[in-house]
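Accompanying notes for the structure given below.
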Amino acid sequence: MDAMSEHYLQYKPVSITELIGKKGIAQLNMRDVPLEKIKEYAAEDSDITLQLHDIFVPKLKEQEAVSVLEEIEMPLVPVLAGMEREGVMIDKNFLHLYSAELDLEAKKSEERIHTLAGVKFNIASPKQMGEVLFEKLKLDPKAKKTKTGQYQTGEDILSKLAPEHEIIKEILRYRQISKLKSTYVDALPTLIHPVSGRVHTSFNQAVAATGRLSSQNPNLQNIPIRTEMGREVRKAFIPRNSEFEILAADYSQIELRIIAALSGDEGMIRDFKDGHDIHTATASKVFNVSLDAVDKEMRRKAKMVNFGIIYGISAFGLAQRLEIPRKEAAEIIEAYFTQYPNIKKYMNDTIEGARTHGFVQTVKGRRRYIRDINSRNQTVRGFAERNAINAPIQGSAADMIKIAMIAVHEAMQKASLKSKMILQVHDELLFEVHHSEKELLKKLVIDKMKNAIQLAVPIEVEVGIGANWLEAH
DNA sequence: TCTCTGCTCAC
DNA sequence: CAAGTGAGCAGAGAC
């Protein structure tokens, strides 16, 4: 950052109350506050230090918990502050052109929907949408309602009705277009800082219950990638000038690797050590066929089960997502646990631990307190149990990337690189890389990400470089 | 103007 | 009852 731009972001004067606040440090927009101020306040006032501890770890006594604050969260503050201040360059012209394109598509789509429905209505209103689909067109006599008495018209519901009427596909397409336009294509350019010319997000360090970061105003952790139309938005994330490119580094299957390591399941650890595609390896085991004999459908099902395991699975939930009978889903889950017995044991042990201690923890001792784990209400207890299973996995992944970020930042400073770390998206780090530093930074990032935490499974990191965020993948 | 709801985007 | 963690948008209704 040059001498003039050093001052471009206004420092907002903050009182101690404002700084810490009732909601904790999460409300702090770090790009507006010099780090020295935060440190000053914390050092001066033991009460503040205590509050900081309270924010990050509910109980101070335990050794491991304190280290999460001292060894991860506090060192991470200047790293995040730097990323927020740096911001990211957005191609405004590109988004304006794309907006006009989407606008045209939306208008055409709107007209088709009104014609197909035989009535004009507000497509963006779920209430009106439900009435048109289920009362006028009578697409589903057994249509489900929400707790407020409206018809459900979510994507999963509508997808199943697609064969019933041509209008469904068009509605989903319309929804996609308007989501892209309102949330990303039109919103991002308005958030460009007038002086820096870049978009500055805020990373919340103490919002997510698992230890993940969150990003707001704008949220740069949910930029579309899944669909072709959405993916276009990523082309607007560009380097500052022609001397730089975008470098993206992703952990591969980090949460599954972590559950393999935490559970000590030898079969799954072996799958990762052998370097096979994990979902194919799982399909091979669950459906009892050779790796070569795994077809697309088998892999798709295995992938769903692997995700389900991380989230705390039920036969009902899997059946619904795979659109298969519940019995078949139950059989797949049973086969899974037979093949990976220690995963099952790990899940039971984790829930048992939560019942005994009232919390679960990550590899670095980050805790999540599970209040409802002994509830007599089955639904409430079920949620608590899924939280208990998921938190150590998601949280350990958060520990790992946070530690990597601190190490990468330190190494980049030591080497006085021109390149900058600009975003974190849970299992991915994004950089603006100078042409002269491409190979150096690539090696550095892979090294620090792979070696952040030693586990019993190999950790893989994929790196790409390109002219924008999309091309960097 | 504020708050809640439903929906949809990401990992 | 029924898959974890977030954020933002438009509609709808309360104030």
Side-chain angles (χ1 to χ4, degrees), chain A residues 26 121-130 144-159 171-172 174-188 191 201-204 206-227 229-231 233-234 250-256 259 304-322 326 329-330 333 360 368 370 375 377-395 397-398 401 423-428 469:
Chain A
F121 65 103
N122 188 345
I123 305 170
S125 162
K127 189 166 174 282
Q128 294 180 37
M129 175 65 71
K144 285 184 213 145
K145 293 195 176 182
T146 66
K147 61 185 172 190
T148 57
Q150 283 186 48
Y151 292 103
Q152 291 182 8
T153 70
E155 190 178 353
D156 49 335
I157 305 272
L158 291 196
S159 294
I171 289 165
L172 291 173
Y174 179 89
R175 288 227 180 114
Q176 193 198 355
I177 294 167
S178 48
K179 171 80 177 179
L180 290 176
K181 191 165 180 297
S182 66
T183 308
Y184 306 102
V185 180
D186 289 347
L188 286 173
L191 293 164
T201 187
S202 292
F203 287 107
N204 303 309
V207 167
T210 54
R212 273 190 176 184
L213 297 178
S214 77
S215 157
Q216 64 180 166
N217 194 16
N219 182 357
L220 296 184
Q221 291 184 320
N222 73 342
I223 302 303
I225 193 166
R226 219 180 63 244
T227 66
M229 228 190 292
R231 228 167 5 243
V233 176
R234 293 200 170 213
D250 288 70
Y251 280 115
S252 159
Q253 303 296 349
I254 189 61
E255 292 189 343
L256 276 178
I259 199 174
M304 281 286 193
V305 184
N306 276 331
F307 274 106
I309 291 298
I310 292 167
Y311 298 149
I313 200 167
S314 75
F316 181 93
L318 184 67
Q320 192 160 0
R321 272 173 183 70
L322 285 174
R326 191 165 150 186
I333 293 170
V360 291
R368 178 169 187 180
I370 312 285
S375 170
N377 181 321
Q378 196 183 315
T379 307
V380 172
R381 193 175 63 247
F383 269 102
E385 289 175 356
R386 293 193 293 278
N387 287 160
I389 290 167
N390 176 260
I393 302 165
Q394 200 179 103
I401 196 165
L423 291 177
Q424 187 253 47
V425 192
H426 310 306
D427 65 354
E428 171 183 10
W469 194 358

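Computed from heavy atoms alone, side chains included, the values below leave out hydrogens, waters and symmetry copies. Residue numbering restarts at 1 for every chain, and letters A, B, ... go by the order of the sequence lines.
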Q | Residue whose nearest DNA chain C nucleotide is more 5′ - A:H426 or A:Q378 | A | A:Q378
Q. What is the distance from CG of A:D427 to C1' of C:dG6, rounded to the nearest Å?
A. 14 Å
What protein N or O atoms touch nucleotides 1-3 of chain B N or O atoms at under 3.5 angstrom, if any, and at what distances?
none

Q.
Taking the side chain as everything from C-beta on, heavy atoms only, tell me whether A:S215 gets closer than 4.5 Å to A:N204.
A. no
Q | Pair A:R326, A:S314: side-chain N/O donor-acceptor within cut-off below 3.5 Å | A | no
Q. C:dT5 phosphate, OP1 or OP2: any side-chain N/O from A:R368 under 4.0 angstrom?
A. yes
Q) Between the side-chain atoms of A:Q394 and the base atoms of C:dG4, is any donor-acceptor pair under 3.5 Å? A) yes
**Q.** C:dG4 base stacked by A:Y311 (centroids within less than 5.5 Å, tilt under 30°)
**A.** yes
Q: Under the salt bridge (charged side-chain N to carboxylate O under 4.0 Å, His left out) rule, collect the residues that match up with A:R234, sequence neighbours excluded.
A: none
Q: State whether a side-chain donor-acceptor pair under 3.5 Å links A:Q394 with A:T210.
A: yes
(Q) Any base atoms under 4.0 Å from A:R212, or only sugar-phosphate, or nothing? Heavy atoms, all strands. (A) base
List every contact pair, protein side and nucleotides 7-11 of chain C side both N or O, where the distance is under 3.5 Å.
residue	atom	partner	partner atom	Å
C:dA7	OP1	A:S214	OG	2.9
C:dA7	O4'	A:N219	ND2	2.9
C:dG8	OP1	A:N217	N	2.6
C:dG8	N2	A:K179	NZ	3.2
C:dG11	OP1	A:N122	ND2	2.9
C:dG11	O3'	A:S125	OG	3.2

Q. Across the strands shown, which category fits A:R231 at heavy-atom distances under 4.0 angstrom: base, sugar-phosphate, nothing?
A. nothing
Q. So, is A:T210 near the phosphate of C:dG4, with a side-chain N or O under 4.0 Å from OP1 or OP2?
A. no
Q) Hey, is the main chain of A:A208 close enough, under 3.5 Å, to the side chain of A:S214 for a donor-acceptor pair? A) no
Q | Nearest-angstrom distance from the residue atom CE of A:M229 to P of B:dC9 | A | 10 Å
Q. Residues in salt bridge (charged side-chain N to carboxylate O under 4.0 Å, His left out) with A:K181, at least two apart?
A. A:D103, A:D186
Q: Remember a base hit wins even if backbone is also touched, and classify A:T153 as base, sugar-phosphate or nothing at under 4.0 Å, heavy atoms.
A: sugar-phosphate
Q: Starting at atom CZ of A:R386, determine the distance to atom C1' of C:dG4, rounded to an integer number of angstrom.
A: 9 Å
Q | Rounded distance in Å - CD1 (A:I393) to C1' (C:dA3) | A | 12 Å
Q) Checking all strands, does A:I313 fall into the base, sugar-phosphate, or nothing category for heavy-atom contacts under 4.0 angstrom? A) nothing
Q) If you look at every strand shown and take non-hydrogen atoms under 4.0 Å, does A:E255 touch a base, only sugar-phosphate, or nothing? A) nothing
**Q.** Length of the CG-P vector between A:L322 and C:dA3, whole Å
**A.** 12 Å
Q) How far does CD1 of A:I171 sit from CD of A:Q176, to the nearest 0.5 angstrom? A) 14.0 Å
**Q.** Those residues that, when tested against A:R381, pass salt bridge (charged side-chain N to carboxylate O under 4.0 Å, His left out) (two or more places apart)
**A.** A:E385
Q | Inter- and intrachain pairs under salt bridge (Lys or Arg N to Asp or Glu O under 4.0 Å), touching residues 307-318 of chain A, at least two apart | A | none
(Q) Over all strands shown, is A:A398 touching base, sugar-phosphate only, or nothing at heavy-atom distances under 4.0 angstrom? (A) nothing
Q) Within the structure shown, what part of the strands sits under 4.0 Å from A:E428 by heavy-atom distance: base, sugar-phosphate, or nothing? A) nothing
Q. Hey, are the side chains of A:L256 and A:F307 touching, using non-hydrogen atoms and a 4.5 Å cut-off?
A. no
Q) Which is true for A:F383 with a 4.0 Å heavy-atom rule: it touches a base, it touches only sugar-phosphate, or it touches nothing? A) sugar-phosphate
Q.
Any base atoms under 4.0 Å from A:G154, or only sugar-phosphate, or nothing? Heavy atoms, all strands.
A. sugar-phosphate
Q) Rounded to whole angstrom units, what separation is found between the CZ atom of A:R234 and the P atom of B:dC9? A) 13 Å
Q) Rounded to the nearest Å, what distance is computed from the CD1 atom of residue A:I157 to the P atom of nucleotide C:dA2? A) 13 Å
Q. Looking across every strand, which nucleic acid part, if any, lies under 4.0 Å from A:L213 by heavy atom: base, sugar-phosphate, or nothing?
A. nothing
Q) Going from CG on A:L423 to CG on A:L220, what distance comes out if it is rounded to the nearest 0.5 angstrom? A) 5.5 Å
Q) So does A:R175 reach the base of B:dT8 with its side chain, donor to acceptor, closer than 3.5 Å? A) no
(Q) C:dT5, OP1 or OP2 - any side-chain N/O from A:N387 closer than 4.0 Å? (A) yes
Q: Using only heavy-atom distances, decide whether a donor-acceptor pair under 3.5 angstrom links the side-chain of A:R226 to the base of B:dC9.
A: no
Q: Could you work out the separation of C:dA2 and B:dC7 based on their P atoms and round it to a whole Å?
A: 16 Å
Q | A:K145 NZ to B:dG6 P, straight-line distance once rounded to whole Å | A | 13 Å
